[in-house]
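Take a look at the structure set out below.
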Amino acid sequence: MASSLTTEIKQRLIALVRENFALELEDVVSEIPPKTELGDLAFPLAFDLAKRIKAATGEKKNPREIAAKLAEGLKTGPGVARVEIAGPGYLNVFFDRARTFSQLANPQSAIRNPQPGKLIVEHTSINPNKAAHIGHVRNSVLGDTTARILKATGETVEIHNYIDNTGVQVADVVVGFMHLENKSLAEIKAIAERPVTKREDSFDYYCWELYSRVGQWYEGDKTRLQIRAQTLHEIEEGNNATAEIGEYISSRIVDCHLETMARLDISYDLLARESEILHLHFWAHAFEKLKASGAIVFETEGRSKGCWVMRAEEGRGDRETGGQGETESEHDADKIIVRSNGTVTYTGKDIAYHLWKLGKLGLDFHYRLLRHDHHGREVWITTGDEAAGSKSHPTFGNGTAFLNVIDVGQSYPQANVKKAVVALATSVEERARVARSAHLAYEKVTLTPAAAVELGTELSEADQQRQQIGMSGRKGLGVKADDLIDRLEAKALAEVQSRNTDISEAQQQKIARQIAVAALRYFLLKYTRTSIIAFDFEEALKFRGETGPYLQYSVRRLSNIFSELGRSTDDVRGDFAKLSPEEVTAQFSGEAGDTLWSLVYFASRLDDTVQLSASTFEPTHVAKYAFQLADQFNTFYQDKRFHILKESDPKRKTVLLIAVDVVRQKLSQALSLLGIEVPEKM
RNA sequence: GCUCCCGUAGCUCAGUGGAUAGAGCAUCUGCCUUCUAAGCAGAGGGCCGCUGGUUCGAGUCCAGCCGGGGGCACCA
């Protein structure tokens, strides 16, 4: 479409530069001019060429002169209406609007070129010991949306949710039940399985509160930390009563998390559990491979004596004058993988897991079908028990690269994991593929002081001065995901009921849910990954302005035009096919024509935006695009010159309807990529 | 000490080295007899943290400062 035309024009420019100036360009930079009047595509390349020509021949050329030469060769090509030289030497290209529009009018199939290999996207990965909070939701929404966008570019994506069911955080809640509440497994089960009439009764909320109490309990007497260490040890060991309790609690909490995420239309292909990584001895295999490859070495001296370490980047302190400090600072940066007592660190286990993700470990999990998600798709979970595993499970892992959505605080261990995995790649090609793996680091969600107060926290004077306050599971301070979704749904329901009295209550509730999801997902996607979100209730609960509901409302308006019209889009396309290129062109001329064209042209840029988002793993680009397209449409919609249904000229009406249909399709696609559904009524 | 991120309108944030730096919110002024108010039009509001450098061109790249937040365990 427009993007293929861009590529074509770039190729022709490269050829023109070769013919006219005997220079070889690898690529040509293009940009979108700030105003429609300046054209559809601008090339600032004449400035650069002037310099290169001078360097090559000594001849001084005016950029405008160069641009004029290129314009001469460019303006005769297909798809190009005209070419202008602007300012100090911009080459501005105007598309053949009728031709571009007609191509857009015929929706091509949504199937993209399938890409080779499989990307493993890991997201969510919440410690299974308490309710999910808004920070976890940011992770899940980023991961889910990134996966949707990658799939749209033709990638095969497998979605994993890592379950750290044998970690300290689970141990803490086990300690809470066993030592603070003196509860047996049966009693814990009674709590977890009791009927839930209000949100606070649910098990993950119970554990949220208990976890915070355990933190205080440790504070009261530090020797109690020994109980935690012992509990953790028993959980890791397995096959004992403590481990059984840990297994039960973490499994129930995982169920809660899956329900929470399902509310936001988020699901997974596989839940990979740490207990299996331990019990199936993934590390032992990884250790042999790491040793054999030289990726880790045994330290015989210095502060890491007796440990297996991964060397820091070599050549770090080369330019130092070479004092005593040099070797020490070099070795400071080495990452210990196996401690001197022979036990493996977290990073070591994570390396083993990631070797498995890429099919490089030589071991596999056993799998069992956990459930069918809200769309009826299978969700699998790992198991260490071969007998419990399914004989006919899908193939998991064996990815060409992994993408981990993990908060920015984990950058250091994540970098070490990738370093180790890349070091084990056996060929240059494989290294290149694996190197695509990335840590999709995102910033935290913090609380504004106002939000913290609203959650019932008493702030110290120092905290009141701060711009933001960190959430803390340990302190029980945070915005629980289900609470927030509940509030959004309640607010949305009130809005829906005030506007749509003619539909059933069930229908009102469904719409309210869709609006709540849109509001929350868009709220989390409108920020770049690296921006800290200081959570504010007022901001998050907004349905106006730059929000998800605004986008939904825009699509509703687009669709209403067709329902009021009472004709199908296919029908209108039939009319459109009968128009001559001249008749279409006529609608795109003049001031009104420019306005119409800029709307259509912006709509055509969805594909480019999706590519940008996919290559940078930054879903916010699609979110911003959707908002801008909706914004532009709404302006158009209220423009007196474009009252579509009242349009008396049937040809003009047809063109306007096709334009609206193009915008509707692109906006709907964008929303679908963002995980936002469009309600039937609003 | 080393390292990563952030600093743009009153607030929250966009801004692939290019043209007159944008949006939402908030404030103010208008617009519901409609394909249209979960919306639209308009107004005000900016030493793009500071100082240098590279470049035809810097909010964007480089260096150094200033301010804020992370990370740098034989923790996970």
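Atoms considered below: every heavy atom in the structure, side chains included; atoms not considered: hydrogens, waters and symmetry mates.
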What's [X] touching, base or sugar-phosphate or nothing? Going by heavy atoms closer than 4.0 Å.
X	result
A:Thr343	nothing
A:Glu31	base
A:Lys305	base
A:Gly167	nothing
A:Leu565	nothing
A:Phe627	sugar-phosphate
A:Asn127	nothing
A:Phe47	base
A:Ala42	base
A:Thr448	nothing
A:Ser340	base
A:Gln410	base
A:Asp639	nothing
A:Asn92	base

Rounded to the nearest Å, what distance is computed from the [atom1] atom of residue [X] to the [atom2] atom of nucleotide [N]?
X	N	atom1	atom2	result
A:Glu489	B:A38	CD	P	21 Å
A:Gln632	B:G39	CD	C1'	16 Å
A:Ile235	B:A76	CD1	C1'	13 Å
A:Tyr527	B:U8	OH	C1'	16 Å

*In this structure, which one of A:Arg339, A:Lys305, A:Arg311, A:Lys335 forms a salt bridge (Lys or Arg N to Asp or Glu O under 4.0 Å) with A:Glu299?*
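Going through A:Arg339, A:Lys305, A:Arg311, A:Lys335 one by one, the salt bridge (Lys or Arg N to Asp or Glu O under 4.0 Å) with A:Glu299 is satisfied by A:Arg311 alone.
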Taking atom [atom1] in both [N] and [M], compute the distance separating them and give it to the nearest angstrom.
N	M	atom1	answer
B:A14	B:U8	C1'	10 Å
B:A9	B:G49	C1'	15 Å
B:A63	B:C28	C1'	45 Å
B:A58	B:G42	P	31 Å
B:G7	B:C48	P	14 Å
B:U51	B:G59	P	13 Å
B:C4	B:C47	C1'	29 Å
B:G30	B:U36	P	25 Å

Between [options], spot the one nearest the side chain of [X], thanks.
X	options	answer
A:Pro549	B:C13, B:C74, B:A38	B:A38
A:Lys51	B:C40, B:U55, B:A14	B:U55
A:Tyr412	B:G69, B:A38, B:C72	B:C72
A:Leu38	B:A19, B:C35, B:G39	B:A19
A:Ile336	B:C74, B:G69, B:C40	B:C74
A:Tyr553	B:C35, B:A38, B:G70	B:A38
A:Tyr637	B:A14, B:G15, B:C35	B:C35
A:Lys542	B:U36, B:C75, B:C25	B:C25

Regarding [N], can its base be found pairing with the side chain of [X] as donor and acceptor, where the two atoms are less than 3.5 Å apart?
X	N	value
A:Arg499	B:A38	yes
A:Ser304	B:C74	no
A:Asp350	B:A76	no

_With the 90 degree cut-off around zero defining syn, does B:C32 come out syn or anti?_
syn
Under 4.0 Å between a side-chain N or O of [X] and OP1 or OP2 of [N]?
X	N	answer
A:Lys526	B:G24	no
A:Arg339	B:A76	yes
A:Arg544	B:G39	yes
A:Thr635	B:A41	yes
A:Tyr550	B:C40	yes

_Looking at B:U55, which nucleotide sits across from it as a Watson-Crick or G-U wobble partner, both distances under 3.5 angstrom, or is there none?_
none
*Considering Watson-Crick and G-U wobble pairs with both distances under 3.5 Å, what does B:G39 pair with?*
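B:G39 is paired with B:C31.
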*Under 3.5 Å, is there a donor-acceptor pair between the A:Gln230 and A:Gln226 side chains?*
no
*asked:* For A:Gln628 and A:Leu232, find the nucleotide of RNA chain B closest to each by heavy atoms; which residue's nucleotide sits nearer the 5' end?
replied: A:Gln628
*Quick one: on RNA chain B, does A:Lys624 or A:Gln638 contact a more 5' nucleotide (nearest heavy atom)?*
A:Lys624
_Can a donor-acceptor pair be found, under 3.5 Å and without considering hydrogens, that links the side chain of A:Thr345 to the backbone of A:Ile337?_
yes
_Main chain of A:Glu677, side chain of A:Gln552: is a donor-acceptor contact present, judged purely on distance under 3.5 Å?_
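Yes; at least one donor-acceptor contact below 3.5 Å.
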*ring pair (Phe, Tyr, Trp, His ring centres under 6.0 Å) between A:Tyr162 and A:Tyr353, intermediate numbers included*: CA-CA 10 Å; A:Tyr162 182 69; A:Tyr353 173 43; 4.9 Å; yes
_Run A:Phe535 and A:Arg138 through side chain to side chain contact (heavy atoms under 4.5 Å, CB included) and show every step you take._
CA-CA 11 Å; A:Phe535 183 87; A:Arg138 183 178 196 184; over 6 Å; no
*Got a sec: does the CD of A:Glu538 have more than 12 other heavy atoms crowding it under 6.0 Å?*
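No.
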*Only one of A:Leu440, A:Thr620, A:Thr616, A:Val405 passes side chain to side chain contact (heavy atoms under 4.5 Å, CB included) with A:Arg529; say which it is.*
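Among A:Leu440, A:Thr620, A:Thr616, A:Val405, the one meeting side chain to side chain contact (heavy atoms under 4.5 Å, CB included) with A:Arg529 is A:Leu440.
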*Apply the test side chain to side chain contact (heavy atoms under 4.5 Å, CB included) to residues A:Leu671 and A:Ser668: give CA-CA distance (whole Å), side-chain angles for both, the deciding distance (0.1 Å), then the verdict.*
CA-CA 5 Å; A:Leu671 291 202; A:Ser668 302; 5.8 Å; no
